[in-house]
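Everything below concerns the one structure shown next.
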Amino acid sequence: MKILIPTKLDKAAAGSLTAAGFEVVQNDSEPIDALVAAHPDARGLIVRSEKVTPAIIDALPQLKCVIRAGAGYDNIDYLYARSKNVDVMNTPGANSNAVAEEVIAMILAAYRYVVPADTTTRAGEWNKKKYMGRELTRKTVGILGLGNIGRLLVKRLQGFECTVLGYDHFLSRQRALNIGATPATMEEIFATADIISIHVPGGPATRNLINDNLIGKMKDGAMLVNCARYGVVDEDALREAKAQGKNIIYCTDVHPKDTAAMQPSADVADILLPHLGANTKEANKLAAMRAASQMQNYFENGDTSCVVNAEKPDGLNPAHLQLAAMLGKLCSKASGGAPIRKIECTFYNNLRSYRKWFTPWILQGTVPGAEHGLMPPAAEASMREHGIVFKAREPLDDKLYDDALTLDLFTEENGEQKKTSVRGVVIDGEPVVSRIDNFDHLYATLSGHTVVLRYQDRPGIIATIGQLLSQSGINIDNIVAPVDHATGDTLAILKTNSPISDDLLHSISRAIAAKQAFTLSL
């Protein structure tokens with residue numbers, strides 16, 4: 001069985017696979033398309049940053065598995081791979097220590113002017129007075145995101161006797177303390193930390209997370225380190241703050257594309273590296289060994305636990321998987337976005353036998369920035385990583401909801417726990433929500449643009465909502481507004497023909513004295 005490795009990967013992968021009886025061809029001197037053309041009988045492919053396009057996949061008719069020796073896998077057309085029955089895997093966590101150490105290196109280099117001091121000394125200058133540095137020891141360091149990298153960074157900082165503040169939306173206070181970080185809000189971290197290191201996922205949920213408001217809170221001389229993803233820091237806001245005289249040290253290793261070009265951060269960054277986070281021999285070897293182990297287990301034992309482009313089993317309607325993601329997002333919004341502590345699901349009727357397949361979809365619905373397309377074991381591991389206890393419950397015998405799904409979300413904020421419960425079904429092929437907390441028999445579709453409002457029932461409220469929407473040129477396509485007679489509350493679910501801005505939502509909420517107000521776009 002032939003495995004191709006068209007990349008500069010540690011030879012340990014090839015050695016391990018060869019010892020297991022695989023035929024391995026490793027060649028990083030030729031382009032991937034040339035190597036593929038020369039070995040069309042390959043069944044496995046291990047890559048790093050090489051692009052695995054539909055053309056590459058088509059050129060390997062016997063290909064069954066592609067492994068990215070690293071965390072991200074955007075360089076692989078995993079959807080096209082799925083259409084060709086090719087499984088795609090990655091090796092998350094292999095580079096965590098390398099990135100944590102890189103953060104320490106950047107902090108020390110910035111504090112001690114390592115780069116300019118080296119350059120000017122080589123040029124014959126002697127700028128000892130100019131490069132008066134600072135010490136990392138006993139500084140206050142804020143870490144945004146206490147995943148694998150964040151936790152390792154906490155450990156690395158302990159030797160410097162730092163005070164470590166940690167923010168992670170999904171971790172409980174006690175778990176953060178156990179890691180070694182004092183829980184704090186982002187506002188508290190930006191107002192008090194000498195150094196702030198970012199370790200959050202990329203994507204729409206975190207784009208410009210570090211905005212002008214947070215940057216404005218930073219102390220004079222504070223340092224911001226971004227080894228997460230490009231776009232998390234609003235660099236225009238940072239550029240403006242620096243232009244107005246705010247002294248901020250900015251170190252970054254992330255860019256729009258990993259390619260030779262004038263990087264957009266060049267004028268605002270004090271230290272600019274070419275995405276070297278995972279670029280260590282140790283991380284390379286660890287990723288190589290994990291890739292080799294996964295490839296061997298895949299072909300010898302049928303182990304698909306690391307597959308990231310999972311396919312649903314036969315007999316499961318994909319609309320039910322979409323329902324799970326939809327209910328997850330609805331629940332998360334209805335809970336106010338508070339940190340999630342537990343998720344409990346009940347699968348009714350035929351869905352019971354497929355319940356493990358719902359975990360990835362529930363994860364991507366409830367957790368902003370979560371990876372999509374994970375296999376069930378990987379999704380369960382991701383939930384544990386986020387500090388979420390997940391439980392699939394057996395339905396009570398006296399409750400028959402056809403092929404329905406109930407999702408209960410338990411959140412905690414400021415020491416208070418809250419439960420949000422939703423139920424949904426698929427009707428005529430479309431996911432619909434049938435219950436939100438005590439409001440039952442809703443049968444509302446949530447696709448498109450939706451606004452949900454809870455308020456004390458009284459005459460004229462729907463007219464007020466309609467008028468405010470109309471003034472903004474927004475039409476109501478559909479409305480469901482049941483009353484809970486026990487509390488006297490109405491829950492209005494309105495589908496609109498265009499999205500509702502945050503300002504408009506605030507105006508509507510204020511006008512009707514809403515107890516709850518949020519929007520969804522699905």
Taking atom [atom1] of [X] as the centre, report whether more than 12 heavy atoms of other residues, nucleotides or ligands fall under 6.0 Å from it.
X: Gln471; atom1: CD; result: yes
X: Lys51; atom1: NZ; result: no
X: Asp428; atom1: CG; result: no
X: Lys242; atom1: NZ; result: yes

Are Phe347 and Phe358 close enough that their ring centres sit under 6.0 Å apart? yes
Look up atom [atom1] in [X] and atom [atom2] in [Y], then write down how far apart they are to the nearest 0.5 Å.
X: Ile189; Y: Ser197; atom1: CD1; atom2: OG; result: 10.5 Å
X: Leu272; Y: His255; atom1: CG; atom2: NE2; result: 5.0 Å
X: Met89; Y: Asp87; atom1: CE; atom2: CG; result: 6.0 Å
X: Asp484; Y: Asp437; atom1: CG; atom2: CG; result: 9.5 Å
X: Ile465; Y: Ile508; atom1: CD1; atom2: CD1; result: 6.5 Å
X: Leu469; Y: Leu494; atom1: CG; atom2: CG; result: 7.0 Å

Looking only at heavy atoms, which two atoms of [X] and [Y] are closest? And how far apart?
X: Asp236; Y: Arg239; result: OD1-NH1, 2.8 Å
X: Val141; Y: Cys162; result: CG2-SG, 4.0 Å
X: Val480; Y: Ala444; result: CG2-CB, 4.2 Å
X: Leu146; Y: Val154; result: CD2-CG2, 4.2 Å
X: Ile57; Y: Asp77; result: CD1-O, 4.0 Å
X: Leu214; Y: Asn211; result: N-OD1, 3.1 Å

Working note: Gln417 + Thr411, criterion side chain to side chain donor-acceptor pair (under 3.5 Å); need CA distance, chi angles, decisive distance, verdict. CA-CA 6 Å; Gln417 293 189 341; Thr411 56; over 6 Å; no
CA sep, side-chain torsions, deciding dist, call: Arg393, Thr346, side chain to side chain donor-acceptor pair (under 3.5 Å): CA-CA 5 Å; Arg393 301 175 301 205; Thr346 306; 2.8 Å; yes
[Y] and [X], any side-chain heavy atoms less than 4.5 Å apart:
X: Val232; Y: Val254; value: no
X: Asp403; Y: His320; value: yes
X: Val425; Y: Asp402; value: no
X: Ile512; Y: Leu453; value: yes
X: Lys495; Y: Leu446; value: no
X: Thr450; Y: Val452; value: yes
X: Arg435; Y: Asn438; value: no
X: Gln456; Y: Asp489; value: yes

Give the table of side-chain donor-acceptor pairs shorter than 3.5 Å for residues 321-340, with sequence neighbours excluded, one pair per line with atom names and distance.
from, atom 1, to, atom 2, distance (Å)
Lys333, NZ, Thr519, O, 3.2
Ser335, OG, Cys331, O, 3.3
Ser335, OG, Ser332, O, 2.8

Before you tell me yes or no, could you show the steps for Met223 and Asp194 under side chain to side chain contact (heavy atoms under 4.5 Å, CB included), namely the whole-Å CA-CA distance, both residues' side-chain angles and the distance that decides it to 0.1 Å? CA-CA 6 Å; Met223 183 188 303; Asp194 300 296; over 6 Å; no
Please walk me through it: do His449 and Thr496 pass side chain to side chain donor-acceptor pair (under 3.5 Å)? CA-CA 5 Å; His449 308 294; Thr496 58; 5.7 Å; no
Determine whether Asp212 and Asp234 satisfy the following criterion, side chain to side chain contact (heavy atoms under 4.5 Å, CB included), listing intermediate values before the conclusion. CA-CA 7 Å; Asp212 56 350; Asp234 184 347; 5.7 Å; no
Indicate yes or no: does [X] engage [Y] in a salt bridge with an N to O separation below 4.0 Å.
X: Asp220; Y: Lys246; answer: no
X: Asp408; Y: Lys419; answer: yes
X: Glu344; Y: Lys342; answer: yes

Name all residues meeting the ring-ring contact (aromatic ring centres under 6.0 Å, His included) criterion together with Tyr250; count only those two or more places apart in sequence or in a different chain, and write none if there are none.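 Tyr250: no ring-ring contact (aromatic ring centres under 6.0 Å, His included) contacts found.
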